Amino acid sequence: MPIEYCEYYPDYDKCKQWLEKNLPKEFENLKTDEAAEGGGDDDKKRQKRGGKGMMKAKKKDDGPKKICLSRAPRGKKKSVTVVTGLNTFDIDLKVAAKFFGTKFACGSSVTGEDEIVIQGDVKDELFDVIPEKWPEIDEDFIEDLGDQKR
């Protein structure tokens with residue numbers, strides 16, 4: 001990374017420490033530039049909001065915990081089963097999709113932030129399989145939305 005980009009780096013202090021340790025001559029030039037510009041107003045120079053340097057924290061929804069099952073048509077006679085709401089129970093969606101794919105011998109994938117699509121109409125079997133695999137999910141938490149259009 002070029003030295004002039006150091007001030008835009010998320011860990012500006014670490015960058016300055018590394019520069020002071022490894023390139024002391026360049027660090028002195030950087031200090032004289034800061035003094036000429038108005039004396040260490042690094043808060044004004046650095047980016048405060050957003051940007052690629054900031055890590056975004058995932059939001060936890062404290063909404064109602066429930067799993068919704070629905071069937072969506074795909075083509076003329078084929079259909080897919082859509083499972084939403086597993087994320088509210090802190091279940092890894094990739095692991096769940098892999099489990100559904102092996103259990104029903106079909107394709108299964110994570111399509112949205114909280115959505116798994118299973119090829120075929122397996123909605124009725126899911127009412128038994130989900131509480132069996134994850135005991136913390138009771139059958140009362142599973143809701144059938146019926147047929148949906150995608």
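A quick note: this is a predicted structure, and the numbers were derived from the prediction, not measured.
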| Does any pair with a residue in residues 92-107 pass salt bridge (charged side-chain N to carboxylate O under 4.0 Å, His left out), and if so which ones, sequence neighbours excluded? |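 Output for this query is empty, none listed.
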| At their closest point, which heavy atom of C106 faces which heavy atom of F100, and how far apart are they? |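 Between these two residues, the closest heavy atoms are SG-O, 4.4 Å.
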| message | Grouping I, L, V, M, F, W and Y whenever their side-chain heavy atoms are under 4.5 Å apart, do V82 and F99 come out in a common cluster? | response |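 No; tracing contacts between hydrophobic side chains, which count when under 4.5 Å, never links both residues.
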According to side-chain contact (heavy atoms from CB on, under 4.5 Å), who are the partners of [X], at least two apart in sequence or on a separate chain?
X: A97; result: S108, V110, I116
X: Q17; result: none
X: W18; result: N22, L23

| When rounded to the nearest 0.5 angstrom, what distance separates CD1 in I130 from CD1 in I137? | 6.5 Å
| said: As an exercise, state the distance from CG of L93 to CG of L86, rounded to the nearest 0.5 Å. | reply: 6.5 Å
| query | What pairs of residues pass the ring pair (Phe, Tyr, Trp, His ring centres under 6.0 Å) test when at least one of them lies in residues 69-98, not counting sequence neighbours? | reply | F89-F141
| In chain order, what residues pass the salt bridge (Lys or Arg N to Asp or Glu O under 4.0 Å) check against E143, with sequence neighbours excluded? |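 For E143 the salt bridge (Lys or Arg N to Asp or Glu O under 4.0 Å) partners, ignoring immediate neighbours, are K66.
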Pair up each side-chain donor or acceptor in residues 69-80 with any protein partner under 3.5 Å, not counting sequence neighbours, and list the distances.
{"residue": "R71", "atom": "NE", "partner": "D147", "partner atom": "OD1", "Å": "3.0"}
{"residue": "R71", "atom": "NH2", "partner": "D147", "partner atom": "OD1", "Å": "3.4"}
{"residue": "R71", "atom": "NH2", "partner": "D147", "partner atom": "OD2", "Å": "2.8"}

Distance-only check: which donor-acceptor pairs under 3.5 Å involve side-chain atoms of residues 122-129, not counting sequence neighbours?
{"residue": "K123", "atom": "NZ", "partner": "D144", "partner atom": "OD1", "Å": "3.2"}

| field | Validation row: S109, T111 side chains within 4.5 angstrom (heavy atoms) | value | yes
| task | Would you indicate whether the side-chain heavy atoms of I67 and V83 approach each other to under 4.5 Å? | result |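 In contact.
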| said: Can you list everything that forms a ring-ring contact (aromatic ring centres under 6.0 Å, His included) with F104? Sequence neighbours excluded, please. | reply: none
| message | Any side-chain to backbone donor/acceptor pair from D114 onto N87? Under 3.5 Å, distance only. | response | yes
